[in-house]
Amino acid sequence: EDLTGGNADTGDVTGLSGDSAYNSSNIIWQGTLGNLFSVGSDEPGHYGLGTNTGSLPLLQSNHETVSYAVSGNVLTAYVDSGSVTGSLDASDREVFTLTLDNTESGSYTFALQDQLDHVADGNTEGLLTLDLSGVIVRYDEDGDSATAGSGSLLITVQDDVPEDGMGSERGYVEEEA
């Protein structure tokens with residue numbers, strides 16, 4: 001709903017008010033990964049992003065395949081429309097980003113930047129759940145690492161559907177000739 005051209009309706013799915021405690025925008029979600037891992041006695045630990053994106057969901061945006069790239073603490077989902085095939089470049093269309101804002105606490109920001117295609121679900125605002133767990137890595141003090149298990153980091157995206165009542169159209173004809 002908050003993407004450019006989105007329908008600002010009041011039909012949020014039950015349980016999705018749209019706004020996180022950190023941000024009033026419906027396209028930004030901020031949270032923390034703090035409870036996903038325990039490093040045991042090898043404290044302190046820190047979070048990072050792994051570069052293997054093979055476990056991430058197969059998605060489309062505007063009927064085009066979404067690819068993934070990890071650079072430092074940022075995962076970018078994008079449509080590869082740029083000049084360098086198979087690599088994120090400035091002319092690609094970014095769909096969303098997941099940024100680790102603080103590698104010690106695990107705070108993160110998810111930012112939706114473009115539409116995601118949802119399975120046809122009639123005329124309801126359906127949900128698409130993204131499992132981004134496969135790129136979340138926790139490191140302990142001596143360098144051991146563990147990747148988050150499936151279902152550990154889920155982001156739910158509410159679909160935007162056409163709205164009725166945006167205006168009206170009326171025509172007139174005469175029976176007289």
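Taking 4.5 Å as the limit, some side-chain heavy atom of L112 sits within range of a side-chain heavy atom of L116. Residues L98 and I155 form no side-chain contact, since every pair of their non-hydrogen atoms from C-beta on lies 4.5 Å or further apart. At least one side-chain heavy atom of E141 sits less than 4.5 Å from a side-chain heavy atom of P44. Two residues are said to be in side-chain contact when any heavy atoms from C-beta on lie closer than 4.5 Å; V157 and H118 meet this criterion. Between L49 and V137 the shortest side-chain heavy-atom distance does not fall below 4.5 Å.
Between the side chains of D131 and S150, a donor-acceptor pair is found at a separation under 3.5 Å.
Rounded to the nearest 0.5 angstrom, T76 OG1 and D92 CG are separated by 10.0 Å. Once rounded to the nearest 0.5 Å, the distance linking OG of S145 with NE2 of H46 reads 9.5 Å. Distance check: N62 CG to Q115 CD gives 4.5 Å after rounding to the nearest 0.5 Å. In this structure, the separation between CG on L59 and CG on L130 is 5.5 Å, given to the nearest 0.5 Å. Rounding to the nearest 0.5 angstrom, the gap separating the CD1 atom in I136 from the CG atom in L100 is 5.5 Å.
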Subject >> CA sep, side-chain torsions, deciding dist, call: L56, V135, side chain to side chain contact (heavy atoms under 4.5 Å, CB included) >> reply: CA-CA 8 Å; L56 296 179; V135 294; 3.8 Å; yes

Subject >> Q113 vs T97, side chain to side chain contact (heavy atoms under 4.5 Å, CB included): CA-CA, chis, key distance, verdict >> reply: CA-CA 8 Å; Q113 297 162 318; T97 57; 3.7 Å; yes

**OP:** Go through the steps for Y108 and L153 under the test side chain to side chain contact (heavy atoms under 4.5 Å, CB included), then give the verdict.
**Re:** CA-CA 11 Å; Y108 68 89; L153 177 59; 3.6 Å; yes

Original post:
Passes side chain to side chain contact (heavy atoms under 4.5 Å, CB included), L128 versus T156? Steps please.
Top reply: CA-CA 6 Å; L128 177 64; T156 302; over 6 Å; no

Please tabulate, for the side chains in residues 64-74, all donor-acceptor contacts under 3.5 angstrom to protein atoms that are two or more places apart in sequence or on a different chain.
{"from": "E64", "atom 1": "OE1", "to": "R93", "atom 2": "NH2", "distance (Å)": "3.1"}
{"from": "Y68", "atom 1": "OH", "to": "P57", "atom 2": "O", "distance (Å)": "2.7"}

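Apart from L88 itself, the hydrophobic cluster it occupies contains Y78, where clustering links Ile, Leu, Val, Met, Phe, Trp and Tyr at side-chain heavy-atom distances under 4.5 Å.
The minimum heavy-atom distance linking S133 with A148 is given by the pair O-CB, 3.5 Å. Scanning all heavy atoms of the two residues, the minimum distance from G134 to S55 falls at CA-OG, 3.2 Å.
A donor-acceptor pair is defined here as one N or O able to donate and one able to accept, closer than 3.5 Å; such a pair exists between the side chain of D117 and the backbone of H63. Between the side chain of S87 and the backbone N or O of V84, no donor-acceptor pair lies under 3.5 Å. Between the side chain of D80 and the backbone N or O of G86 there is at least one donor-acceptor pair closer than 3.5 Å. Counting only distance, with no hydrogens or angles, the side chain of N102 and the backbone of G106 share no donor-acceptor pair below 3.5 Å. Side-chain atoms of T32 come within 3.5 Å of backbone atoms of S105 as a donor-acceptor pair (strictly under, hydrogens ignored).
Between F96 and F110, the ring planes lie tilted relative to each other; the angle falls in the 30° to 60° range.
The salt bridge (Lys or Arg N to Asp or Glu O under 4.0 Å) contacts involving residues 98-108 comprise nothing, where partners must be two or more places apart or lie in separate chains.
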